[in-house]
Participant: 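So that we are looking at the same thing, I have put the structure below in structure tokens.
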Amino acid sequence: MPDLLLELRSEEIPARMQRKAAGDLRKMLTDGLVDAGLTYEGCREYWTPRRLTLDIRGLTARSRDVREERKGPSTKAPEQAIQGFLRAAGLTDISEAHVHTDPKKGDFYVAHVVKPGRTTEEIVAELVPSIVRNFPWPKSMRWGAASGPKGRSYGGVEGRGGDALRWVRPLQSILCTFGPEGADTAVIDFEIDGIRSGNVTWGHRFLAPGAIAVKRFEDYAAKLEAAKVVLDAERRKEIIRQDARNLAFAAGLDLVEDEALLEEVSGLVEWPVVLMGEFEKEFLDIPAEVIRLTIRANQKCFVVRPSRPASPASRDEGGLGLHDGPHPEVRAERASNDALSNRFILTANIEASDGGAEIVRGNGKVVRARLSDALYFWKTDQADLPDLPSLKASGEKFGLDLEKPLDQRMARLDHQRVTFHARLGTQGERVQRIARLAEELAPLVGADPALARRAAVLAKADLQTEVVGEFPELQGAMGRKYAILQGEHPSVAAAIEEHWKPQGPSDRVPSDPVSVAVALADKLDTLAGFWVIDEKPTGSKDPFALRRAALGVIRIVLENRLNFSIDPFNDVQILRHQIGATPSKPEKLNAILSAAAAGGVFGQRARALIAEAKADAPSWLPLIDEHDPSISDDLRAFLQDRLKVYLRDSGVRHDLIDAVITPRSCNLLQIVRRVEALGKLLDTEDGRNLLAGTKRAANILAAEEKKGTRVADAVDPTLFREPAERALHEAVNQAGSRAAQAIEKEDFSAAMVALGALREPVDSFFEQVLVNDEDEAVRANRLALLARIRAATDRVADFSRIAG
Amino acid sequence: MASTNHSDPSRSFQGLILALHAYWAERGCVILQPYDMEVGAGTFHPATTLRALGPLAWNAAYVQPSRRPKDGRYGENPNRLQHYYQYQVILKPNPPDLQELYLGSLEAIGIDPLLHDIRFVEDDWESPTLGAWGLGWECWCDGMEVSQFTYFQQVCGIECAPVAGELTYGLERLAMYVQGVDNVYDLNFNGREGEDKVTYGEVFLQAEQEYSRHNFEFANTAMLLKHFEDAEAECRALLAAGAERPEGEPYRMVLPAYDQCIKASHVFNLLDARGVISVTERQSYILRVRNLAKACGEAFLQTEAGGFRPVREAA
């Protein structure tokens, strides 16, 4: 069967768009062919910076004829109707129609119409132009004379106005051949905006710029290869990967692998030639990550490191050959950080006439210029700021040590009043709130409050560093490095980096208590703030990544088994946002809020302090005194909702989650423990039977309550008639109090076991006792007993929400 | 012999300019002189901004001194200047072989594409102040960006029809590359050797030092703030005056109004360098300049150079 070859050749397509574009082309064309009634055996797409290519094998040569019957009017219909039918069916005379008989309608005409199949050439010639015109490029453009207005011509080319073709960059040529295997192929002829399809392509822009006539994929790929174009992106990647590894290996080095960069670089060349360049060793003073990003972002080059296991001597030479020798912490940092080598690997697009010497020289020059910028940034960040005197007030506000570089940066972040969000104030105000909350959370997560505060105060300082200004993705990581350099406690340094975590569902969750305190404080502050200004996520819109923040809170709490209620912290952080910066009597405010964080806004301690503060009547007092919990209720509901999503994603039955979550549950860990215990109970036969019994009890109760049947307020043992009633009553009493005790101790498994003991008495009750006794008092008493079952199980979970 | 040719583009900064002039003149461009106002880039020259609009064909090349007050480094940085030269080419509509023409220009200044790795790397250009954007590339030579290559899609907020191709060469950077010099001030300006040699530093170092002082320390911000307001008001006033014309006649005054738009833009850059514009204000200044540019662009379309045909002629 015949094969189809299509190539769309253009000016350089952005590397990041090539793979998807080739996939889109494949899908659009094969879908279109199938829709037109053709079949094919296989299709593969290829791409280079200058072409998208499809190789379709075993494509049918034409679509089948389609026969259909078209019903016409009755044989007795007026002439006009019959003429209309003839036109519609494409018949010339009514004798060409058949006559069918229907018992109800009588005789009527039927035309047997054959829709002839079309040739593949015809289909492709129609399909490709429409695909090209409607191609889903992320950004497309017009170009050349055709982009001129209609009615104007430029050098003989007519302007097409709004109809001008759009493509990602100017489309230069189209190659489209079709023909049976082993025989000659023919061009499928069509034209798009003056570009006529043909059987010609062009080789490498510089190395083989001539035109090449091709027949089919085999000679196309082979001729391109000879014309210095490697068509297959995967092969280009493999060439670059292997050559880069080999070059590194030959120099006693290891390539630092980078898949995303490899993908990009393979989209920048048609004929990859890998070369190695060099820069001065003093640049290795810069952290490895900064070197890597500098060389990668600006030059799209790979970095290399000394081969492992490296001899200590070579590592020293490679990484630490510096004059006065860096701080010991820096040595440690660098050793753990995979010291790089002072080489880099670049991928050129040509086999240069001098073997690449000029290319290496030129690239080295640019790399050096970029690294000297990076070195300058790195050194500047460790030096004093020029405007120190103006930072004093900010320094005092945060208890900063303005002798230290990172402290200075934090002071400047505050002093410059850098905005966090137009309605949520400055970064300085944000850091103040987070630091307070981190201190308050510290005792509950096992962190030293002073360290938590210090870490929170420095957590955002690196936003003011030059390196982070250049590479925002290094926020946190740079703060940690600068913190180590200025001698901060290791937990403080770690927390500066880890408080941003987890960034996504697969990111690591911090476990150092100081990191946990600051990470939680940061996220809770963000959530509280956006809740206060009512900027919550809606549908697919979550511009401030609040779902991610909530998931972060959930994962930090669960993975660190943090057993406390989030509510009071939401309350105080919401209050901090509502009260805003520079309140009157800040010491009193802080004391009250800290008490509220520890024991709730309505807790004894907070209330006592509020009562004390009433004498001065500070402006913020009513906000706390008459605290409106609706915002924090809503935030709690959001957290619960995210918890449900999280649990569901990790395979927990959603009905079990619904059964244990009540509007007031705000201890995330306990919700999960309840779900776990409930799941275990329901895995046992006792559990399943108990569930059935409880549901039966609940259903009967609900039905009777609906009818208005009286249910006794309390169970009266004197009204018992059957032993099963008495037994159930005793069992309910016992199970209820045991479960309550277990819950008190947060032992949900024990609570479930206690409930499990109800199974037998419940079953016997339903076997032996008829609830609807004729005696109204007995019936009301029995219903009260059923209510007791519901009350006992409700302590643990709402059984009515469980399926089955 | 190349060594006796004082205009050899690989040995002489002015030779580089002359070679580009000769190359583009040969390809039908009008060779213009720099616009006589302070601008941030060659694109601001009315020969690009305004001539990119409307249906008329237009091919031009020129050098444009460009001022970026914030980039001043008191003459101490080997790469950064507050005043430098751009070589600007605009071809409207862009010819189908614009990439080849561009590569030809590199060969004309001594860059052999079989020796050097020349690449077109995605870079979508946007000028918020001019309300302009286009798609194209950074052109790399051995990893260094030496030119910007853009197919204009929109200028002054107006769709370009036809599309113009714009090439912008960073002349100092290109010259440093072909001369093999690491410090811009060491560039050979006149292509002579020994006593007769004039370096870029001899021509411009003092200016860099003085203007850096001016831009960062001494420019009178109160006066500049007033100048911005004045330029904005004058631009609007001139456009309003130019709009007064008999029906069917072209707009009477756009270019002088556009000068005021350029002026406002440069004054804004100076104020920015002096650090008196806050982050939030910054956006609103940019928007004000853009609105002037848009108004000028729309008026330009109603002039003859913008393709407007007076009604009586057309009739």
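Because the structure is a prediction, the values reported are computed rather than measured. Just so it is clear: chains get the letters A, B, ... in the order the sequence lines come, proteins before strands, and each one is counted from 1.
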Participant: Any idea which of B:L114, B:D182, B:V121, B:D123 has the most non-hydrogen atom pairs under 4.5 angstrom with chain A?
Facilitator: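 Looking at each of B:L114, B:D182, B:V121, B:D123 in turn, B:L114 comes out on top.
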Participant: Name the option with the most non-hydrogen atom pairs under 4.5 Å to chain A; the candidates are B:K92, B:E159, B:E145, B:H116.
Facilitator: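 If we count pairs closer than 4.5 Å to chain A, B:H116 comes out on top.
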Participant: So B:L56 and A:R152, do their side chains get closer than 4.5 Å, heavy atoms only?
Facilitator: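 Yes, at least one pair of side-chain atoms sits under 4.5 Å.
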Participant: When rounded to the nearest 0.5 angstrom, what distance separates CZ in A:R50 from CZ in B:F120?
Facilitator: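 Between A:R50 CZ and B:F120 CZ, I get 9.0 Å after rounding to 0.5 Å.
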Participant: Could you tell me which portion of A:V157 (side chain, backbone, both or neither) has an atom closer than 4.5 angstrom to a non-hydrogen atom of chain B?
Facilitator: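 The answer is neither part of A:V157.
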Participant: I need the minimum non-hydrogen distance between B:A161 and A:P149, along with the two atoms involved.
Facilitator: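 Of all heavy-atom pairs spanning B:A161 and A:P149, the closest is O-CD, 3.5 Å.
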Participant: Measure distances from A:R142 to the heavy atoms of chain B and classify the residue's part below 4.5 Å as side chain, backbone, both or neither.
Facilitator: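 Both parts, heavy atoms under 4.5 Å.
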Participant: Mind ranking A:S147, A:S140, A:A145 by heavy-atom pairs under 4.5 Å with chain B and telling me who comes out on top?
Facilitator: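 Among A:S147, A:S140, A:A145, the one with the most close pairs to chain B is A:S147.
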Participant: If I measure from the heavy atoms of chain B, does A:K365 come under 4.5 Å with its side chain, its backbone, both, or neither?
Facilitator: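 Only the side chain of A:K365 comes within 4.5 Å of chain B.
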Participant: Around atom CD of B:E217, are there more than 12 heavy atoms of other residues, nucleotides or ligands at under 6.0 Å?
Facilitator: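 Yes, enclosed.
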Participant: May I ask you to say whether B:D124 pairs ionically with A:R169, meaning some side-chain N is under 4.0 Å from a carboxylate O?
Facilitator: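 A salt bridge links B:D124 with A:R169.
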Participant: State whether the side chain of B:D117 and the backbone N or O of A:I359 hold a donor-acceptor pair below 3.5 Å, judged by distance alone.
Facilitator: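 Here the side-chain-to-backbone pair does not exist.
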Participant: For A:T347, which atoms come within 4.5 Å of any heavy atom of chain B: side chain, backbone, both, or neither?
Facilitator: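 Just the backbone, heavy atoms under 4.5 Å.
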Participant: As an exercise, state the distance from OG of A:S372 to CG of B:N77, rounded to the nearest 0.5 Å.
Facilitator: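 Going from the OG atom of A:S372 to the CG atom of B:N77 covers 8.5 Å.
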Participant: Quick one: closest heavy-atom pair of B:L115 and A:A352, and the distance?
Facilitator: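 Nearest heavy atoms, B:L115 then A:A352: O-CB, 3.8 Å.
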Participant: Quick one: of A:V367, A:V366, A:N363, who has the most non-hydrogen atom pairs under 4.5 Å with chain B?
Facilitator: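 Heavy-atom pairs under 4.5 Å are most numerous for A:N363.
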Participant: Any chance you could lay out the side-chain contact (heavy atoms from CB on, under 4.5 Å) test for B:R119 and A:E12, step after step, and finish with the verdict?
Facilitator: CA-CA 9 Å; B:R119 225 82 76 67; A:E12 278 75 356; over 6 Å; no
Participant: So, the side chain of A:Y154 versus the backbone of B:P55: is there a donor-acceptor pair under 3.5 Å, distance only?
Facilitator: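 Side chain of A:Y154 to backbone of B:P55: a pair is present.
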Participant: What part of B:L98 lies closer than 4.5 angstrom to a heavy atom of chain A: side chain, backbone, both or neither?
Facilitator: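 It is neither, since no heavy atom gets under 4.5 Å.
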Participant: For A:Q416, is it the side chain, the backbone, both, or neither that has a heavy atom closer than 4.5 Å to a heavy atom of chain B?
Facilitator: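 Answer is neither: A:Q416 stays 4.5 Å or more from chain B.
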Participant: In sequence, state the C-alpha distance, the side-chain angles, and the governing distance for A:K300 and B:W140, and then conclude on side-chain contact (heavy atoms from CB on, under 4.5 Å).
Facilitator: CA-CA 12 Å; A:K300 319 226 186 277; B:W140 285 16; 3.6 Å; yes
Participant: Who among A:N298, A:N349, A:V168 has the most heavy-atom pairs with chain B under 4.5 Å?
Facilitator: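 Going by pairs under 4.5 Å, I would pick A:N349.
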Participant: Given the rule in the side-chain contact (heavy atoms from CB on, under 4.5 Å) test, do A:E11 and B:Y151 qualify, once you have shown the distances and angles that lead to the verdict?
Facilitator: CA-CA 12 Å; A:E11 297 179 6; B:Y151 292 105; 2.4 Å; yes
Participant: Based on non-hydrogen pairs under 4.5 Å, which of A:M17, A:Q299, A:Q172 is most in contact with chain B?
Facilitator: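 Of the options given, most contacts go to A:Q299.
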Participant: Counting only heavy atoms closer than 4.5 Å, note whether A:F206 contacts chain B via side chain, backbone, both or neither.
Facilitator: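 Both backbone and side chain of A:F206 come within 4.5 Å of chain B.
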Participant: Please identify, among B:P95, B:A57, B:G136, the residue contributing the most non-hydrogen atom pairs under 4.5 Å to chain A.
Facilitator: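 Among the listed options, the one with the most contacts to chain A is B:G136.
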Participant: Taking only Lys NZ, Arg NE, NH1 and NH2, and the carboxylate oxygens of Asp or Glu, determine whether A:R205 and B:E100 approach each other closer than 4.0 Å.
Facilitator: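 Looking at B:E100 together with A:R205, the answer is yes, because their closest N to O distance falls below 4.0 Å.
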Participant: Hey, could you give me the CZ/CD distance between A:R166 and B:Q153, rounded to the nearest 0.5 Å?
Facilitator: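 Atom-to-atom, A:R166:CZ and B:Q153:CD are 6.0 Å apart.
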Participant: If you look at every heavy atom in A:G144 and B:P162, which pair is closest and at what distance?
Facilitator: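 Result for this residue pair: O-CB, 3.9 Å.
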Participant: State whether A:R361 and B:D142 are salt-bridged, where the test is any N-O pair (Lys NZ or Arg NE/NH1/NH2 against Asp/Glu carboxylate O) under 4.0 Å.
Facilitator: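 No, no charged N to carboxylate O under 4.0 Å.
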